[in-house]
Amino acid sequence: MTDPEDRTAQSGAPGDGPAAEGAPLGEQGARAALRRCRRIIVKIGSKSLAGDAWDRLAAEVAALRGRAGRSLVIVSSGAIALGVAKLGLRSRPKDMAWLQAAAAAGQSVLMQRYEEAFGKVGLLVAQVLLTHADLADRTRTNNARNALAALLEAGAIPIINENDAVAVEEIKFGDNDQLAAMVTPLCEADLLILLSDVEGLLDREGRRVPLVRSVAREARHLAGASTSGVGTGGMASKVEAARRATLAGSHVVIAGAREPSIVTRILAGEDVGTLFTAVPQRLSARKHWIAYTLRPRGAILVDRGAAEAIGTKNRSVLAVGVLGVRGTFLPGDAVAVFDPEGTEIARGLARMSAGDAARIARKKRDESGDDVVVHRDDLVVLPTE
């Protein structure tokens, strides 16, 4: 099930840019690598979009875009917050219909702000509204990839946002940090900047953490939940988005939106924000899509031998190693694979339905040879780091 439109390399290679540095760099070297980034995504949160934020961002983008062939994409929150003000609501509503109404009312205001600010510095902007359903469909994903590439070639700045006016599930479960991580392989970005109301990831003493190489060991335990009534992401969401984007071969920086010239300083290699370094062996865009965009429709429990073969030998999920299945899935649906301890070790695309997988579980290959539940070409082993 190869994808001819998947243009991202399976792993880093010489000449692939900052994601392919080889041996881990020290902090100074990792920061210096940011100077070579050419495709940058900037995500800015609702709470950071206040006052002259649009003008400051536009001025930075205008100054940076003309340097060394750089192109920038913006993932912007703010539609619901602006819609709340436009509709005269006292606070962000909890009712889904009112959330959708606020998003619908705020989208035009949000784009007007971007149009005015970027127009002052001679830049064109283009609105791109996406839902999870768009990104979960491979054909629509590739269409979005091509549209974004055309906009960048035309010299426009794409302004990406979730289509919250119609996307019920995204309002309830998603946020724009995760959207930015999903867009990273779509745009083939080598740097994702997550601008927030804090200066970066903070340690237990409230000090900024300058560099993170392993999210599991160095960052996840420091992330907390959102305390703002405006935004929905919080640091936990940003750290998870950083983990997913680094697996796509992109560096990630979480930094304070209100710091002067913050994007320029990041790209100059200054010690600002928290830098999450890209993994040397990145996932292809297709495998990143399987692992981190698709939502599993079911689960497959495998025995210890199968778990080892999947994790260390890049083997397919075979019926003989399946202990059981959960959920209702069909061929082509995403499924999660768990070891006997209940740890999720992989995600993939099922080759058969849940019923068929359950029927042949624990059975050896028959004459038909139809014992592959998830083929290794459609399977992504989840990293433990």
Engineer: Looking at side-chain heavy atoms only, is the closest gap between Phe118 and Leu124 below 4.5 Å?
Structural biologist: no
Engineer: Got a sec, which residues hit salt bridge (charged side-chain N to carboxylate O under 4.0 Å, His left out) with Asp134, two or more places apart in sequence or on another chain?
Structural biologist: Arg140
Engineer: Apply salt bridge (charged side-chain N to carboxylate O under 4.0 Å, His left out) to Asp271 and list each qualifying residue two or more places apart in sequence or on a separate chain.
Structural biologist: Arg31, Arg208
Engineer: Out of curiosity, Ile41 CD1 to Leu194 CG, how far, rounded to the nearest 0.5 Å?
Structural biologist: 9.5 Å
Engineer: Is there a side-chain contact between Glu60 and Ile262, using heavy atoms and a 4.5 Å cut-off?
Structural biologist: yes
Engineer: In Å and rounded to the nearest 0.5 Å, what is the CG to CZ distance from Leu202 to Arg204?
Structural biologist: 11.0 Å
Engineer: Rounded at 0.5 Å granularity, tell me how far CD in Gln127 sits from CG in Asn163.
Structural biologist: 8.0 Å
Engineer: Might you confirm whether atom CD of Gln28 has over 12 heavy atoms from other residues, nucleotides or ligands at distances under 6.0 Å?
Structural biologist: no
Engineer: Run the salt bridge (Lys or Arg N to Asp or Glu O under 4.0 Å) test on Glu341 and Arg304 for me, step by step, so that the C-alpha distance in whole Å, both residues' side-chain angles and the decisive distance to 0.1 Å come before the verdict.
Structural biologist: CA-CA 9 Å; Glu341 285 72 44; Arg304 199 174 309 281; 3.0 Å; yes
Engineer: I'd like to know if the side chain of Asp356 reaches the main chain of Arg359, judged simply by a donor and an acceptor atom lying under 3.5 Å from each other, with no hydrogens or angles considered.
Structural biologist: no
Engineer: One pair to check against side-chain contact (heavy atoms from CB on, under 4.5 Å): Ile160 and Leu148. What are the steps and the verdict?
Structural biologist: CA-CA 10 Å; Ile160 301 176; Leu148 288 167; 4.0 Å; yes
Engineer: Val42, Leu123: one ILVMFWY side-chain cluster at the under-4.5 Å cut-off?
Structural biologist: yes
Engineer: For the pair Thr246 (side chain) and His251 (backbone), establish whether a donor and an acceptor sit closer than 3.5 Å, ignoring hydrogens and angles.
Structural biologist: no
Engineer: Walk me through it: do Arg282 and His288 pass the test side-chain contact (heavy atoms from CB on, under 4.5 Å)?
Structural biologist: CA-CA 9 Å; Arg282 61 190 177 191; His288 194 278; over 6 Å; no
Engineer: Please confirm whether the backbone N or O of Arg38 pairs with a side-chain atom of Asp190, one donor and one acceptor, at under 3.5 Å?
Structural biologist: yes
Engineer: Please report the shortest heavy-atom distance between Ala245 and Leu192, naming the atom on each side.
Structural biologist: CB-CD2, 3.8 Å
Engineer: Apply the side-chain hydrogen bond (donor to acceptor under 3.5 Å, both in side chains) test between Ser77 and each candidate in Asn176, Asn161, Asp175; give the one that qualifies.
Structural biologist: Asn176
Engineer: Answer yes or no: is there a donor N or O on one side and an acceptor on the other, between the side chain of Thr141 and the main chain of Leu135, under 3.5 Å?
Structural biologist: yes
Engineer: When you compare the side chain of Leu151 with that of Val128, does any pair of heavy atoms fall below 4.5 Å?
Structural biologist: yes
Engineer: Kindly say whether Leu379 contributes a backbone atom to a donor-acceptor pair with the side chain of Lys287 at under 3.5 angstrom?
Structural biologist: yes
Engineer: Side-chain heavy atoms under 4.5 angstrom apart, residues restricted to Ile, Leu, Val, Met, Phe, Trp, Tyr: same cluster for Met96 and Trp98?
Structural biologist: yes
Engineer: Ignoring hydrogens and angles, tell me if any N or O in the side chain of Lys43 forms a donor-acceptor pair with the backbone of Ala180 under 3.5 Å.
Structural biologist: no
Engineer: When you look at Val272 and Glu199, which way does the side-chain contact (heavy atoms from CB on, under 4.5 Å) test go after all the steps?
Structural biologist: CA-CA 8 Å; Val272 291; Glu199 62 177 333; over 6 Å; no
Engineer: Just checking Arg297: does its CZ atom have more than 12 heavy atoms from other residues, nucleotides or ligands closer to it than 6.0 angstrom?
Structural biologist: no
Engineer: By side chain to side chain donor-acceptor pair (under 3.5 Å), which residues pair with Glu205, not counting sequence neighbours?
Structural biologist: Arg207
Engineer: Closer than 4.0 angstrom, basic N to acidic O: yes or no for Glu240 and Arg244?
Structural biologist: yes
Engineer: In Å and rounded to the nearest 0.5 Å, what is the CG to CG distance from Leu72 to Leu267?
Structural biologist: 7.5 Å
Engineer: What about Phe276 and Val209, same hydrophobic cluster or not, with Ile/Leu/Val/Met/Phe/Trp/Tyr joined at side-chain heavy-atom distances under 4.5 Å?
Structural biologist: yes
Engineer: Who passes salt bridge (charged side-chain N to carboxylate O under 4.0 Å, His left out) against Arg258, sequence neighbours left out?
Structural biologist: none
Engineer: Quickly, which of Val212, Val252, Leu34 forms a side chain to side chain contact (heavy atoms under 4.5 Å, CB included) with Leu275? Name it, please.
Structural biologist: Leu34
Engineer: Does anything in residues 329-339 pair up under salt bridge (Lys or Arg N to Asp or Glu O under 4.0 Å), and if so which pairs, sequence neighbours excluded?
Structural biologist: none
Engineer: Quick one: list whatever passes salt bridge (charged side-chain N to carboxylate O under 4.0 Å, His left out) with Lys363, sequence neighbours left out.
Structural biologist: none
Engineer: Do other residues, nucleotides or ligands put more than 12 heavy atoms under 6.0 Å from the CZ atom of Arg376?
Structural biologist: no
Engineer: Return the minimal non-hydrogen interatomic distance between Ser48 and Ala53, and the atom names on each side.
Structural biologist: O-CB, 3.4 Å
Engineer: Please report the interatomic distance CZ(Arg113) to CG(Leu49), rounded to the nearest 0.5 Å.
Structural biologist: 9.0 Å
Engineer: Between the side chain of Arg39 and the main-chain N/O of Cys187, is any donor-acceptor distance below 3.5 Å?
Structural biologist: yes
Engineer: Give a yes or no answer on whether the side chain of Ser261 reaches the backbone of Thr264 with a donor-acceptor pair at less than 3.5 Å.
Structural biologist: no
Engineer: Any idea which heavy atoms bring Arg362 and Val320 closest together, and the distance?
Structural biologist: NH1-O, 3.1 Å
Engineer: Is there a donor-acceptor pair closer than 3.5 Å between any side-chain N or O of Gln107 and the backbone N or O of Ala79?
Structural biologist: no
Engineer: Linking I/L/V/M/F/W/Y whenever any side-chain heavy atoms sit under 4.5 Å apart, do Phe329 and Phe338 land together?
Structural biologist: no
Engineer: Could you tell me whether the side chain of Val380 reaches within less than 4.5 Å of the side chain of Tyr292, counting heavy atoms only?
Structural biologist: no
Engineer: For the hydrophobic clusters of this structure (ILVMFWY residues joined by side-chain heavy atoms under 4.5 Å, transitively), does one cluster hold both Leu64 and Ile157?
Structural biologist: yes
Engineer: Could you report the tightest heavy-atom contact between Arg286 and Leu349, atom names first, then the distance?
Structural biologist: NH2-CD1, 3.8 Å
Engineer: Rounded to the nearest 0.5 Å, what separates atom CD in Glu218 from atom OG1 in Thr274?
Structural biologist: 11.0 Å
Engineer: Pro260 versus Arg265: any side-chain heavy-atom pair under 4.5 Å?
Structural biologist: yes
Engineer: If you take all heavy atoms of Pro340 and Val302, which pair is closest and at what distance?
Structural biologist: CD-O, 3.3 Å
Engineer: Do Ser316 and Arg351 make a side-chain contact, defined as non-hydrogen atoms from C-beta onward lying under 4.5 Å apart?
Structural biologist: no
Engineer: Side-chain contact test, heavy atoms from C-beta onward, threshold under 4.5 Å: evaluate it for Leu283 versus Trp289 and give yes or no.
Structural biologist: no
Engineer: Please name the pair of heavy atoms, one in Val381 and one in Gly311, separated by the smallest distance, quoted to 0.1 Å.
Structural biologist: CG1-CA, 4.2 Å
Engineer: Report yes or no: does Trp54 contribute a side-chain atom to a donor-acceptor pair with the main-chain N or O of Glu115 at less than 3.5 Å?
Structural biologist: no
